[in-house]
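Remarks on the structure that follows.
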Protein chains: 2
Amino acid sequence: MKVSIKDIAKKAGVAPSTVSRALKNHPRISADMQATIQALAAEMGYVPSESARHLAGKQSRTIGVAIPDFTDPFYMNILSGIEEVAIAHQHELFVGSFNQDLDRDRKLFDAFDQKRLAGFVVAGSLVDAAYLTRDSGDIPAVLINHYEYPFSVAIDQMRGVEMGVNHLISLGHRKIAYVSLGTTTSSDSLRYQGYINGLESSGFSTNPNWVVEGDGGIAGGLSAAKRLMALPDPPTAIMCYNDRTAIGVINGLHQIGIAVPDDVSVVGFDDLEIAAYFLPSLTTIQQPHVHLGRQAAEKLFALMHGATVQAELLEPKLIRRNSTGPKK
Amino acid sequence: MKVSIKDIAKKAGVAPSTVSRALKNHPRISADMQATIQALAAEMGYVPSESARHLAGKQSRTIGVAIPDFTDPFYMNILSGIEEVAIAHQHELFVGSFNQDLDRDRKLFDAFDQKRLAGFVVAGSLVDAAYLTRDSGDIPAVLINHYEYPFSVAIDQMRGVEMGVNHLISLGHRKIAYVSLGTTTSSDSLRYQGYINGLESSGFSTNPNWVVEGDGGIAGGLSAAKRLMALPDPPTAIMCYNDRTAIGVINGLHQIGIAVPDDVSVVGFDDLEIAAYFLPSLTTIQQPHVHLGRQAAEKLFALMHGATVQAELLEPKLIRRNSTGPKK
DNA sequence: AAATCAGGTGCAAACGTTAGCATTGCGCAA
DNA sequence: TTGCGCAATGCTAACGTTTGCACCTGATTT
């Protein structure tokens, strides 16, 4: 069905190897022959088989990316950054998510191995562990927002949350709550630690009641906000695990008639596109998402080319907008 | 470097074919041998080569997906639906976006061909044309939201916008604007036509000044809103190409002190997650995104299995929320 | 005029796996 | 004892491509 190099060779009356070379403008094939073969190939609708190419010794031109979930905009931004540099390097992407399924992460890494990928990027603390405990030896990999792995690109999440908390303190807030991710991942504990640090470095006490669990999404933030405000001594400011949580929180507050930032201030984390356009716009900690992806990919290519690279820790940045009010 | 079936065979003192069969529990291999080989394979860290497998005649277990952009949540939802059923059918996904790059769509389809994919799904009217004009003959494909192609899953976009316009009319609005996608695609012209139909079927005139171009994103909606309200005779309601445009529109209105829905009503299209949580929440036309993806994938698998399938046109649904006010 | 050179091309092995067919023992029926 | 069938395994070709090396033919060098 599919025309192969042999078919072309037969029709042109030459050897398959000549066709192979002619198609890639090998210098030892005459210009005449190259033109003839290429025309013939086009006419016959020849499409090279990637599998065969790959088998015959060439290195793979595909890099893998593992992300938690296709519907999380944060990871999509990262992905988009990775894709950008992959294309620039003439590589393709094989992207896999590992959603709800607990087995899926293993399967994903198995797939990476079976494809003999040139390298891959792992984004999302949920799988870091899964990756690190397997011995998929030789394929170079870069992790995003992981801190122990030698090849990683990360932003200082702990410091980020601390900056958010400090900002709230500087506005006069003393009752500051935190809505967490709600699953035990390194990101979650780092950000929580940042919250504690921010409070303690200013000499304020922490109230365990003011730390509640979200789910990293809007719905989790919404219910967390309601739980917080039902407390006998509700907070006046809420630091959130991420922007989606913050949006949920603001929405939840709105539902029970609490205005942001007039009554309660809210800080997010990520600086998604929507953060700038939500009403009120979100004060948040910026992660340079696309840049993060780009950096990770660049690092991966460096690694693939044998360069020595080292872990990189990017500085977060506070973006002040309207979900935190003026100084009280 | 990588251990192959031959390495295992050598070590076990059997033929490669025996190893191959033992690894897949072939009935004609003794249980003993199977156990021995499998243990040995595990111990040696054997990982099958997908390329070799694929070359040796097996059909590919990968389906391709072409989307416009990784950062557009609408397509990510679709993707997530596709992925779900792909996994259920034990297939993998090869996802490609074709971003800004005009050449990229061709390259993407070339990649599909070179990989000898089992089939693919094309989402996004920008590439439909690119796909339809090429003769990538034998690989089954399903398009999303395309109307001429025999194998497609689509919702009735024209009807959707018409429903939105009718809703606005029923609230008493007469000056209704439309913010388009701004590029000539079938989606854009269909939705525009729905706008015209909605107006004309109620006997209202259309004012060309009230049709302005967005860009499918938030920024485009924002500037469109400002342009509309600067008109000598500004509209009192705005129908938008999609939710992201609507969010931009509401934001733009907010910037110039116009309240939604008190002063102006806004309707979106898609029903993204954020639509329900934006403030004000968005009245919008629901596309069953994830379902759309699932349907498309199911249809693709049916097609791959030789079943006869036909195009499917889903009914849109108006979701009434707070960006459109009570009857005036 | 003989030997060398180089450009142009063909041969064949290799990549890792699968699958059809052939082969080897063996126990068992005739 | 001879022949047979069956279970278990080996042989080999094939998938489509690449690549090192050998080969041929004119043309250039001495």
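In what follows, every chain begins at residue 1, and chains take the letters A, B, ... in the order their sequences are listed. Treat the numbers as computed from the prediction; the structure is a model and nothing was measured. Atom set for the values below is all heavy atoms of this structure, side chains included, hydrogens, waters and symmetry mates excluded.
Considering only the side chain of B:S4, C:dG16 comes nearest among D:dT9, D:dC11, C:dG16. Between C:dT9, D:dT12, C:dT17, one nucleotide has an atom nearer to the side chain of A:M33 than all others, and that is C:dT9. Side-chain proximity of B:A52 to D:dT17, D:dT9, C:dT17: nearest is C:dT17. Comparing C:dC15, C:dT18, C:dG10 against the side chain of A:L55 picks out C:dC15 as the nearest.
Taking 4.0 angstrom as the limit, A:K2 places none of its side-chain polar atoms (N or O) nearer than this to OP1 or OP2 of D:dC15. The shortest distance between the side-chain N/O atoms of B:S20 and the OP1/OP2 oxygens of C:dT17 is not below 4.0 Å. Residue B:R53 has no polar side-chain atom (N or O) positioned under 4.0 Å from OP1 or OP2 of C:dG16. Taking 4.0 angstrom as the limit, A:S30 places none of its side-chain polar atoms (N or O) nearer than this to OP1 or OP2 of C:dG8.
With rounding to whole Å, B:H26 atom NE2 is found 12 Å from C:dT18 atom P. Atom pair B:K115:NZ and D:dT17:P shows a separation of 15 Å (rounding to whole Å applied). Spacing between atom CD1 of A:I5 and atom P of C:dG10 amounts to 13 Å, rounded to whole angstrom units. In this entry the distance linking CD1 of B:I37 with C1' of C:dT18 reads 16 Å, nearest Å. Protein atom CD1 of B:I29 is 18 Å distant from nucleotide atom P of D:dC6, rounded to whole Å. Between the C1' atom of C:dT18 and the OH atom of B:Y46 lies a distance of 11 Å, rounded to the nearest Å. The distance between atom NZ of B:K24 and atom P of C:dG16, rounded to the nearest whole Å, is 17 Å. Straight-line distance from the NE2 atom of B:H54 to the P atom of D:dT17: 12 Å, rounded to whole Å.
Between the base of C:dC11 and the side chain of A:S17 there is a donor-acceptor pair shorter than 3.5 Å. For C:dG10, its base sits under 3.5 Å from the side chain of A:R21 at one donor and acceptor pair at least. Side-chain atoms of B:S51 stay outside donor-acceptor range of the base of C:dC15, with no qualifying N/O pair under 3.5 Å.
A cation-pi contact, defined as under 6.0 Å to the ring centre and within 45° of the axis, is absent between A:K299 and A:F151.
In this structure a side-chain-to-backbone donor-acceptor pair under 3.5 Å is missing from A:D270 to A:L272.
Residue B:K6 is in base contact, counting any heavy-atom pair closer than 4.0 Å across all strands shown.
Taking the six-membered ring where tryptophan is involved, the planes of B:H89 and B:F301 are essentially parallel, since the angle between them stays under 30° and well short of 60°.
For the 3.5 Å distance criterion, the side chains of A:S97 and B:E83 qualify, holding a donor opposite an acceptor.
Nearer the 5' end of DNA chain D, as judged by each residue's closest nucleotide, is the contact made by B:G13, out of A:R28 and B:G13.
A salt bridge is defined here as a Lys NZ or Arg NE, NH1 or NH2 lying under 4.0 Å from an Asp or Glu carboxylate O, and B:E92 with B:R61 fails to meet this definition.
Between the CD1 atom in B:I144 and the CD1 atom in B:I155 there is a gap of 11.5 Å [rounded to 0.5 Å].
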